[in-house]
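Heads up, the thing below is written out as structure tokens.
Since the structure is predicted, the reported quantities are computational estimates derived from the model, not experimental observations.
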Amino acid sequence: MVGLLYFIVIILANTVGAISGMGGGVIIKPVFDFIGADSVATISFYSTVAVFTMSLVSTFRQIGSGVKFNWSLIGWISGGAIIGGVLGNLTFEFFLQIFADEALVKLIQIILTIVTLVLAFLYTKYDWKNFEFSGVLWYLACGLILGFLASLLGIGGGPINVALLMLLFSLPIKDATLYSIATIFFSQLSKLVTIAVTSGFARYDLSMLAFLVPAAIIGGLLGSKVRTILSPEKVTLVFQGVIILVLLINCYNGWQIIHSISM
């Protein structure tokens, strides 16, 4: 029953995530938290697998359809994202060790996610000033921030990817979504590799991957197909709509945790 529920959530989340460039994890993580069937570490792992699979499918579909990427930009941002992804996962594991109650770790994730959501919404809503930075150091720094947050929060990148790419490099939103998804692939790959060489996968129910992976593939294919049809204005509306929805879910989850801790 839980596997089927996860299957449905991932298809919907990854479809929207591929369209908006958020990666799906920004929806999967809070919805799985709301369902409450697994631990915070397991939910983070499942979200990572789903988002990694979606980003892989979506990126290769775009390449196959003839989309031209700035591979220098992707390469250096992704290099930073790999380093950031490793640091983010190590920070996540550190939090699990120092806090006796994992609900506190979940609350930290929720608070940081809400902050990034609000900033990303305000940026796209009020059309803040864009910069036109270039060069290896800027690309690496951008990737480091994105990879760290993606891995630490277990959301695969989320709205901060798109907003930061638009802010720093003046990318149109449809281009930013493409580069966001490509960057998410590398940050999530680094997280999976870090898990493999540190804690390993034994603590997770890997049979659930039979539901997660097919759903992620379907979502990635659907999302990349729809994104090519939508105008930049429609992509922006999808982006903002998802932010509002996920903000509400995260606020509710955070309130539930605070209420349970205070009792």
Side-chain angles (χ1 to χ4, degrees), residues 9-10 13-14 16-17 20-36 38-52 54-55 77 80-99 102-121 123 142-165 180-181 183-195 199 216 239 242-254 256-258:
V9 169
I10 288 173
N14 274 358
V16 175
S20 63
M22 293 188 186
V26 72
I27 301 174
I28 295 169
K29 175 66 170 57
V31 172
F32 281 14
D33 283 343
F34 176 77
I35 294 170
D38 290 293
S39 68
V40 62
T42 300
I43 289 172
S44 183
F45 170 69
Y46 288 164
S47 177
T48 297
V49 171
V51 172
F52 170 76
M54 181 280 298
S55 63
I77 289 179
I82 290 173
I83 299 171
V86 172
L87 294 175
N89 190 67
L90 292 175
T91 303
F92 175 72
E93 294 292 340
F94 174 72
F95 284 159
L96 286 178
Q97 291 177 7
I98 64 173
F99 293 111
E102 73 171 25
L104 293 174
V105 179
K106 190 181 295 185
L107 185 60
I108 291 172
Q109 288 181 315
I110 288 172
I111 292 171
L112 291 175
T113 300
I114 288 174
V115 171
T116 62
L117 286 168
V118 170
L119 290 175
F121 180 83
Y123 172 76
C142 177
L144 188 68
I145 294 170
L146 297 183
F148 179 80
L149 290 175
S151 187
L152 173 61
L153 303 183
I155 60 175
I160 191 66
N161 281 32
V162 177
L164 195 60
L165 287 167
S180 172
I181 295 296
T183 303
I184 284 168
F185 167 79
F186 289 100
S187 67
Q188 297 309 281
L189 174 62
S190 70
K191 178 166 184 175
L192 290 173
V193 171
T194 303
I195 292 173
S199 61
F239 182 83
V242 172
I243 287 179
I244 293 172
L245 172 64
V246 178
L247 264 176
L248 293 174
I249 297 173
N250 274 285
C251 287
Y252 177 79
N253 289 343
Q256 288 285 83
I257 292 174
I258 293 171

Please give me the minimum heavy-atom distance between [X] and [Y], naming the atom from each residue.
X	Y	result
Gly25	Ser47	CA-OG, 3.6 Å
Ala50	Ala216	O-CB, 3.3 Å
Ser190	Ala81	OG-O, 4.0 Å
Gly24	Val51	C-CG2, 4.2 Å
Gly21	Ile184	O-CD1, 3.8 Å

May I have all residue pairs that pass salt bridge (charged side-chain N to carboxylate O under 4.0 Å, His left out) and include part of residues 183-195, sequence neighbours excluded?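 Matches after skipping sequence neighbours: none remain.
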Option from Ile43, Asn14, Thr48, Asp33 for which side-chain contact (heavy atoms from CB on, under 4.5 Å) with Ile28 holds: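 Option passing the side-chain contact (heavy atoms from CB on, under 4.5 Å) with Ile28: Asn14.
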Among Ile83, Ile77, Leu149, side-chain contact (heavy atoms from CB on, under 4.5 Å) partner for Leu144: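 Going through the options one by one, the only one that passes is Ile83.
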With rounding to the nearest 0.5 angstrom, report the [atom1] to [atom2] distance, [X] to [Y].
X	Y	atom1	atom2	result
Thr194	Leu87	OG1	CG	9.0 Å
Ile249	Leu245	CD1	CG	4.0 Å
Ser39	Leu96	OG	CG	8.5 Å
Ile145	Thr116	CD1	OG1	12.5 Å
Thr113	Ile160	OG1	CD1	11.0 Å
Ile243	Ser20	CD1	OG	8.5 Å

Is there a donor-acceptor pair under 3.5 Å between the side chain of [X] and the backbone N or O of [Y]?
X	Y	answer
Glu102	Val40	yes
Gln188	Val49	no
Ser151	Gly85	yes

Audit row: Leu189, Ile82, side chain to side chain contact (heavy atoms under 4.5 Å, CB included) steps and yes/no: CA-CA 8 Å; Leu189 174 62; Ile82 290 173; 5.9 Å; no
Is it true that atom CZ of Phe99 has more than 12 heavy atoms of other residues, nucleotides or ligands lying nearer than 6.0 Å?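 Count over threshold, so yes.
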Could you tell me whether the side chain of [Y] reaches within less than 4.5 Å of the side chain of [X], counting heavy atoms only?
X	Y	result
Phe92	Val105	yes
Cys142	Leu164	yes
Phe32	Asp38	no
Leu247	Phe121	no
Cys251	Ile114	yes

Any residue meeting side-chain hydrogen bond (donor to acceptor under 3.5 Å, both in side chains) with Asn250, in chain and number order, not counting sequence neighbours: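 Testing Asn250 for side-chain hydrogen bond (donor to acceptor under 3.5 Å, both in side chains), a comparison that skips the adjacent residues, returns none.
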Stepwise side chain to side chain contact (heavy atoms under 4.5 Å, CB included) check, Tyr46 with Ile10: CA-CA 10 Å; Tyr46 288 164; Ile10 288 173; over 6 Å; no
